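Sequence positions, counted from 1, serve as the residue numbers for this chain. Whatever order the structure lists them in is the order used to number ligands and atoms, beginning at 1. Keep in mind that what you see is a predicted model, and the values were worked out from it rather than measured.
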Amino acid sequence: MIVVSDIIELKNQITSWKRDGLSIGFSPTMGSLHAGHMDLVETSKKQTDKTVVSIFVNPTQFNDPKDFENYPINTNTDLKLCEEKGVDLVFLPDVKTMYPETKTPILLSIPELQKNLCGRTRPGHFEGVLQIVSKLFHLTEPTKAFFGLKDYQQFRVISAMVENLNFPLEIVGVPTKRESDGLAMSSRNVRLSEKHRETASLIPRMFALAKKTILGGERDIHLLKEILRDFLLTGVSLRIDYLEVVDPIDLQSKEKLSGEVLLALAVFVGEVRLIDNQIIPIPN
Ligand code: AMP
């Protein structure tokens with residue numbers, strides 16, 4: 001496995017693979033890798049010739065400096081995992097490499113897709129995501145890039161950027177990998193105390209309750225949200241950042257429970273922010 005921190009070295013390797021006619025699969029990550037990330041790698045290995053992973057905790061997408069400071073870093077374990085899974089190249093840049101002080105920042109934004117969910121409660125987050133992801137796309141020149149559906153809004157925003165700005169690559173969404181109790185795997189889960197980990201298990205149970213309530217005939221979005229909120233708030237130290245029902249394509253708020261809806265939430269359990277979502281088909 002090749003590990004590079006330098007842009008020139010990265011580009012040389014990519015150019016050489018391209019010259020040989022090989023396709024490149026790319027998954028950007030912030031490290032502290034887990035089985036969810038490895039699903040991206042596995043999907044990439046099945047669909048492309050060379051698999052590239054970047055590990056970079058991107059400062060520009062954190063709206064809360066404390067969250068950035070506390071973000072877990074486990075580079076040695078990450079590299080071992082990547083090697084075991086057969087990743088071909090890991091790009092491990094530092095902040096100066098990605099953001100030289102001499103360069104004037106450019107902000108990309110897709111306001112329509114960012115006005116709800118994390119875009120609403122984390123101002124500047126998606127501008128940071130689009131900034132780093134577009135840079136990484138130019139550096140790695142992927143044929144396909146793989147993103148987890150756990151970060152559903154991110155997946156939609158990046159897909160829209162690629163489509164609108166004609167990036168020459170395909171975005172592939174990978175289903176959310178979950179723990180045995182249904183909690184979505186996340187690098188942030190390691191920061192949960194035992195008590196808070198128990199509270200976090202309310203999240204998958206809330207999705208089960210939502211489906212049961214809808215199957216039971218509830219079609220009033222406000223009542224449904226009230227039932228789900230009350231359920232979540234039984235958890236110790238749980239604070240709801242948002243709980244929203246939106247259209248899965250344009251991410252606009254739904255007025256009626258019909259067709260397909262995206263039920264998405266962000267909660268703080270103690271200090272740790274967790275997100276999850278599910279697309280739920282509404283029976284007629
Ligand atoms: P992160 O390191 O959290 O920025 O995530 C890097 C990539 O891994 C993103 O495309 C995430 O959506 C994806 N990812 C994170 N957690 C999971 C999971 N539990 N299942 C599938 N993909 C995930």
Side-chain angles (χ1 to χ4, degrees), residues 25-48 51-64 67-68 70-75 77-79 81-82 85 87 90-93 98 113 117-119 122 125-137 140 142 144-162 169-192 197 200-201 203-204 207 248 262 264-266 272-279:
F26 174 53
S27 299
T29 81
M30 298 207 295
S32 278
L33 303 179
H34 50 67
H37 295 110
M38 291 306 117
D39 274 8
L40 304 187
V41 167
E42 260 170 44
T43 313
S44 169
K45 284 185 69 71
K46 278 188 201 137
Q47 297 189 17
T48 61
T51 289
V52 175
V53 168
S54 64
I55 299 177
F56 179 64
V57 184
N58 174 37
T60 69
Q61 72 188 68
F62 285 84
N63 55 318
D64 174 2
D67 190 23
F68 176 61
N70 291 328
Y71 202 84
I73 294 178
N74 295 298
T75 311
T77 324
D78 289 348
L79 291 176
L81 258 179
C82 287
K85 282 283 168 191
V87 171
V90 176
F91 180 46
L92 202 65
M98 293 316 291
L113 292 180
L117 314 174
C118 292
R122 296 184 75 186
H125 170 65
F126 285 113
E127 283 80 357
V129 168
L130 291 176
Q131 179 184 34
I132 190 67
V133 169
S134 54
K135 282 168 77 77
L136 289 168
F137 282 171
T140 56
K144 294 187 179 193
F146 300 86
F147 287 86
L149 296 176
K150 192 200 107 182
D151 300 278
Y152 187 85
Q153 188 173 24
Q154 170 172 280
F155 165 75
R156 283 292 306 128
V157 166
I158 289 168
S159 300
M161 174 182 79
V162 163
L169 62 109
E170 184 189 330
I171 300 294
V172 180
V174 178
T176 304
K177 181 95 168 176
R178 298 178 177 280
E179 303 286 356
S180 56
D181 67 347
L183 180 68
M185 287 187 181
S186 162
S187 307
R188 291 186 158 97
N189 292 356
V190 296
R191 291 178 51 214
L192 294 167
R197 175 63 184 80
S201 73
I203 300 171
F207 283 106
L262 180 84
L265 60 69
V272 183
R273 187 173 184 277
L274 302 174
I275 60 171
D276 203 349
N277 70 79
Q278 282 192 24
I279 293 181

For this session: Give the residue, atom name and distance (to 0.1 Å) of the protein heavy atom nearest atom 3 (O) of ligand 1.
Result: Tyr71 OH, 3.8 Å
Seminar exercise, completed: Restricting to heavy atoms, the pick from Ala145, Gly148, Ser27, Ser32 nearest atom 23 (C) of ligand 1 would be Gly148
Exercise. With respect to Met98, which candidate in Thr60, Ile132, Asn58 satisfies the side chain to side chain contact (heavy atoms under 4.5 Å, CB included) definition?
Worked result: Ile132
Problem set entry | Protein heavy-atom partner closest to atom 11 (C) of ligand 1 - residue, atom, separation in Å | Asp151 OD2, 3.1 Å
Problem set entry | Euclidean distance, Leu262 CG relative to Leu117 CG, rounded to 0.5 Å | 6.5 Å
Problem set entry | Salt bridge flag under 4.0 Å for residues Asp39 and Lys150 | no
For this session: Taking all heavy atoms of Ile275 and all of Ala266, pick out the closest pair and write down the distance.
Result: CG2-CB, 3.6 Å
For this session: Classify the contact between Pro175 and ligand 1 as side chain, backbone, both or neither, using a heavy-atom distance cut-off of under 4.0 Å.
Result: backbone
For this session: Supply the atom-to-atom distance Phe147 CZ to Thr29 OG1, rounded to the nearest 0.5 angstrom.
Result: 10.5 Å
Problem set entry | Protein heavy atom at shortest distance from atom 4 (O) of ligand 1 | Met30 CG, 3.6 Å
Exercise. Does some side-chain heavy atom of Pro248 sit less than 4.5 Å from a side-chain heavy atom of Tyr152?
Worked result: yes
Exercise. So, for Leu113 and Arg156, which heavy atoms are closest and what is the spacing to 0.1 Å?
Worked result: CD1-O, 3.8 Å
Seminar exercise, completed: ligand 1 to Met185, heavy atom cutoff 4.0 Å, flagged ligand atoms 16 (N), 17 (C), 18 (C), 19 (N)
Exercise. For ligand 1, which atoms, with element, lie under 4.0 Å from some heavy atom of Phe147?
Worked result: 10 (O)
Exercise. Would you say Thr176 contacts ligand 1, with heavy atoms under 4.0 Å as the rule?
Worked result: yes
Seminar exercise, completed: One finds that the ligand 1 atoms under 4.0 Å from a non-hydrogen atom of Leu40 are 7 (C), 8 (O), 10 (O), 13 (C)
Exercise. What are the atoms of ligand 1, with element, lying closer than 4.0 Å to any heavy atom of Pro28?
Worked result: 6 (C), 7 (C)
For this session: Can you figure out which of Gln61, His34, Lys177 has its heavy atom closest to atom 17 (C) of ligand 1?
Result: His34
For this session: Applying side chain to side chain contact (heavy atoms under 4.5 Å, CB included), run through Val41 and Leu81 and close with a yes or a no.
Result: CA-CA 10 Å; Val41 167; Leu81 258 179; over 6 Å; no
Exercise. Looking at ligand 1, does any of its N/O atoms fall within less than 3.5 Å of an N/O of His37?
Worked result: yes
